Amino acid sequence: MKYQRPTIPRGTRDFGPVEMAKRNFIFSTIKTVFQKFGYQPLETPGMESLSVLMGKYGHEGDQLLFKILNSGDFLKAMSAKDLKDGYRQILRKVSEKGLRYDLTVPFARYVAMNHHKLVFPFKRYQIQPVWRADRPQKGRYREFYQCDADVVGSRSMINEAEIIWMIYEIFSNLGIKSYTIKINHRKILEALSALAGGEGKENTFYIAIDKLEKAGKEKVIRELTDAGFDHEKIDKVFPLLEMAGDTREKIIRLKKLFHSLEAGISGLQEIEETFSHIQDSEINIPNLRFDLSLARGLSYYTGSIFEVTMDDGSIGSLSGGGRYDNLTSLYGVPDIPGVGFSLGVDRIYDVMEKRDLFPDQTSTFTIVLVTTLDAEAVPYSLPLLAKLRSQGISAEIYPDVVKIKKQLNYADRKGIPYVILIGSQEMETGKLTLKSMRTGKQEALDIGAIIEKIKNQMND
RNA sequence: GUGGUUGUAGUUCAGUUGGUUAGAACGCCUGAUUGUGGUUCAGGAGGUCGUGGGUUCAAAUCCCAUCUUCCACCCCA
């Protein structure tokens with residue numbers, strides 16, 4: 001018989017019980033912090049209309065969108081002429097939906113559709129998978145989870161400060177160390193771009209200097225001069241990007257430089273405000289850095305931008321975000337500014353796994369396995385199961401009548417701490433054999449005493 | 001999307017210049033112990049050599065395509 005070897009698409013993964021226990025630890029840690037800061041949950045569909053998604057992530061982003069073929073005869077609107085006009089023309093006729101690329105754009109769509117009934121400032125968190133038609137690598141998947149928290153309807157830098165605060169708290173609670181939270185501002189970069197002679201080419205500037213750390217100075221300068229930036233002016237701007245010193249020194253120096261550049265000044269003011277709110281909060285965030293070379297490629301950011309990276313550079317960014325003032329206006333609802341950030345669970349998982357940061361935990365919830373020595377023991381055992389469960393004790397019975405050896409082996413491998421043995425002796429006396437799988441010790445107790453004993457253990 | 005790389009039992013890997021029945025370790029199953037797991041001992045099962053085509057008397061081995069893995073670019077969580 002010929003069969004098909006099962007596979008899953010490249011860049012996707014299954015998560016078994018052991019992995020799920022660890023992933024759930026990350027999810028619940030993040031969720032707890034989001035809720036502590038007053039964010040409310042939201043879920044949106046995995047697929048969106050392509051009209052909602054296209055054009056929000058820049059040219060590169062459109063290519064990385066997974067498109068869904070129309071149902072039924074998807075070719076019916078096509079003509080021979082369309083074929084000649086190229087794939088972009090064809091795409092519009094055969095596909096109207098796509099898988100979401102991130103959680104921010106669907107959120108903006110949701111806000112635009114529901115702004116009349118939302119309470120502003122609206123703070124939402126969202127934990128769902130996103131899809132990108134990228135080439136997979138380590139820490140880079142085609143389906144992965146993002147955990148986003150965003151506020152819309154507020155221009156206050158309190159929001160920026162709270163985002164940094166949440167990032168700090170989440171990473172602390174996960175036990176991750178030696179990472180850096182970088183912050184910068186698109187308006188500062190806009191001013192720097194102007195100083196480099198690139199008015200109207202800000203996006204090129206952002207994308208180019210975002211590579212500074214990885215690709216090096218020469219390549220970035222070449223990319224900029226190729227794009228029409230002035231070589232001499234670039235030489236003046238570059239030392240600024242690499243400027244040393246603490247936040248205050250950087251701000252003072254830039255303020256002098258920006259004296260006539262309005263955008264730059266207002267960007268600096270917002271950075272200053274953000275830092276001062278953090279200071280007033282009296283929390284100490286040692287790994288926060290004002291980094292002028294942070295740019296981020298996504299085209300919708302207009303204000304502050306953040307990113308979290310590991311100091312050893314072992315993996316891309318773990319988190320990223322920023323302020324976007326015009327996203328909902330693309331859907332016809334102007335004047336709803338927003339700011340938010342996204343955590344990459346899959347990369348966080350990889351970092352924690354590599355550094356062995358997961359707390360000890362079993363993927364098994366079962367506390368007691370009821371084993372039966374023969375068929376007669378089965379009907380005797382079922383009411384005992386009910387009693388255990390009614391007391392909140394997770395219990396299961398081995399469903400088949402097989403050798404006790406096999407049943408104990410099952411408990412051992414699944415990491416179940418207690419086993420109750422039921423045989424003719426137990427049924428006669430009502431004293432059940434309770435065995436601890438850890439110590440191997442066993443004792444004869446009635447069901448009431450067993451429940452009490454296990455409950456005491458659970459409370460410890 | 002561009003360039004490179006990887007694929008052999010469940011897992012990690014051997015497999016000579018193309019040459020008989022493709023091996024090991026661990027894991028798995030069975031038994032030693034018919035009411036006792038994790039140790040030990042004995043035995044056993046398990047392979048479309050990623051897939052499809054080609055060259056050859058003969059292919060895990062050579063060639064082509066494709067899928068997958070990882071890496072670089074691009075971009076990003």
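Here the structure is a predicted model, which means the values were calculated and not measured. Residue numbering restarts at 1 for every chain, and letters A, B, ... go by the order of the sequence lines.
Remark: B:A65 base-pairs with B:U51. Criterion, Watson-Crick or G-U wobble with two distances under 3.5 Å. Judged by Watson-Crick or G-U wobble contacts below 3.5 Å, the nucleotide B:G10 has B:C26 as its partner. Summarising the base pairing, B:G37 is matched to no nucleotide, lacking a Watson-Crick or G-U wobble pair whose two defining distances lie under 3.5 Å.
Which of B:C76, B:G35, B:U69 sits closest to the side chain of A:P136 comes down to B:U69. Comparing B:U36, B:C76, B:A77 by their nearest atom to the side chain of A:Y101 picks out B:C76. The nucleotide whose nearest atom lies closest to any side-chain atom of A:E426 is, among B:C75, B:G35, B:G31, B:G35. Comparing B:G37, B:U2, B:A77 by their closest approach to the side chain of A:R135 singles out B:U2. Distances were taken from every side-chain heavy atom of A:Y141 (C-beta onward) to each of B:C75, B:C70, B:A77; the shortest belongs to B:A77. Candidate nucleotides B:C74, B:U36, B:G38 were compared by shortest atom distance to the side chain of A:E60, and B:C74 ranks first. Out of B:A77, B:U30, B:U33, the shortest distance to the side chain of A:K405 is found at B:U33. Considering only the side chain of A:Q137, B:C73 comes nearest among B:A77, B:U36, B:C73. With distances taken from any side-chain atom of A:R413 to the nucleotides B:C28, B:G35, B:C70, the minimum falls on B:C28.
When heavy atoms are screened at a 4.0 angstrom cut-off, A:E223 is found touching no nucleic acid atom at all. Within the nucleic acid shown, A:G139 comes within 4.0 Å of at least one base atom, counting heavy atoms only. Residue A:G11 is classed as a sugar-phosphate contact, given heavy-atom separations below 4.0 Å to backbone atoms only. Residue contacts for A:L343: at a heavy-atom cut-off of 4.0 Å it reaches no nucleic acid atom on any strand shown. A:K435 comes within 4.0 angstrom of a nucleotide base, judged by non-hydrogen atoms across all strands. Residue A:K211 is in sugar-phosphate contact alone, with no base atom involved, counting any heavy-atom pair closer than 4.0 Å across all strands shown.
Taking atom CD of residue A:E143 and atom C1' of nucleotide B:C76, one finds them 17 Å apart after rounding to whole Å. In this entry the distance linking CD1 of A:I26 with C1' of B:A77 reads 13 Å, nearest Å. Atom CD1 of A:I416 and atom P of B:G37 are 16 Å apart (whole Å). Atom CG of A:D62 and atom P of B:G1 are 15 Å apart (whole Å). Between the CD1 atom of A:I181 and the C1' atom of B:A77 there is a distance of 16 Å, given to the nearest Å. In this structure, A:I8 places its CD1 atom 12 Å from C1' of B:U69, rounding to the nearest Å. Between A:N409 atom CG and B:G27 atom C1' there is a gap of 13 Å when expressed in whole angstrom units. Note: CG (A:D134) to C1' (B:C70) measures 14 Å, nearest angstrom.
Remark: A:R296 is not positioned above the aromatic ring of A:Y301, lacking an NZ or CZ atom under 6.0 angstrom from the ring centre and at most 45 degrees off the axis.
In this structure, the aromatic ring of A:Y410 is not positioned over the six-membered ring of the base of B:G37 within 5.5 Å between centres and 30° between planes.
Evaluation of atom-type donor-acceptor distances gives no pair under 3.5 Å for the side chain of A:Q407 against the base of B:U36. Applying the 3.5 Å distance criterion, the base of B:C71 shares no donor-acceptor pair with the side chain of A:R140.
Side-chain contact between A:F144 and A:R347 is absent, with no heavy-atom pair separated by less than 4.5 Å. With a 4.5 Å cut-off on side-chain heavy atoms, A:T44 and A:Q126 count as touching. Inter-residue side-chain proximity for A:Y398 and A:T372 is flagged as unmet; no heavy-atom pair is nearer than 4.5 Å.
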Using the rule given for ring-ring contact (aromatic ring centres under 6.0 Å, His included), can you reason through A:F34 versus A:Y125, listing the C-alpha separation, both sets of side-chain angles and the distance that settles it, and then say yes or no?
CA-CA 7 Å; A:F34 285 169; A:Y125 73 85; 5.6 Å; yes
Walk me through whether A:K56 and A:V105 qualify under side-chain contact (heavy atoms from CB on, under 4.5 Å).
CA-CA 8 Å; A:K56 310 300 187 297; A:V105 165; 3.8 Å; yes
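A:R140 pairs in a salt bridge (Lys or Arg N to Asp or Glu O under 4.0 Å) with only one of the listed residues (A:D346, A:D134, A:D350), which is A:D134.
The phosphate of B:G31 (OP1 or OP2) has a side-chain N or O of A:K403 nearer than 4.0 angstrom. Checking the phosphate oxygens (OP1, OP2) of B:C75, no side-chain nitrogen or oxygen of A:R132 falls inside 4.0 Å.
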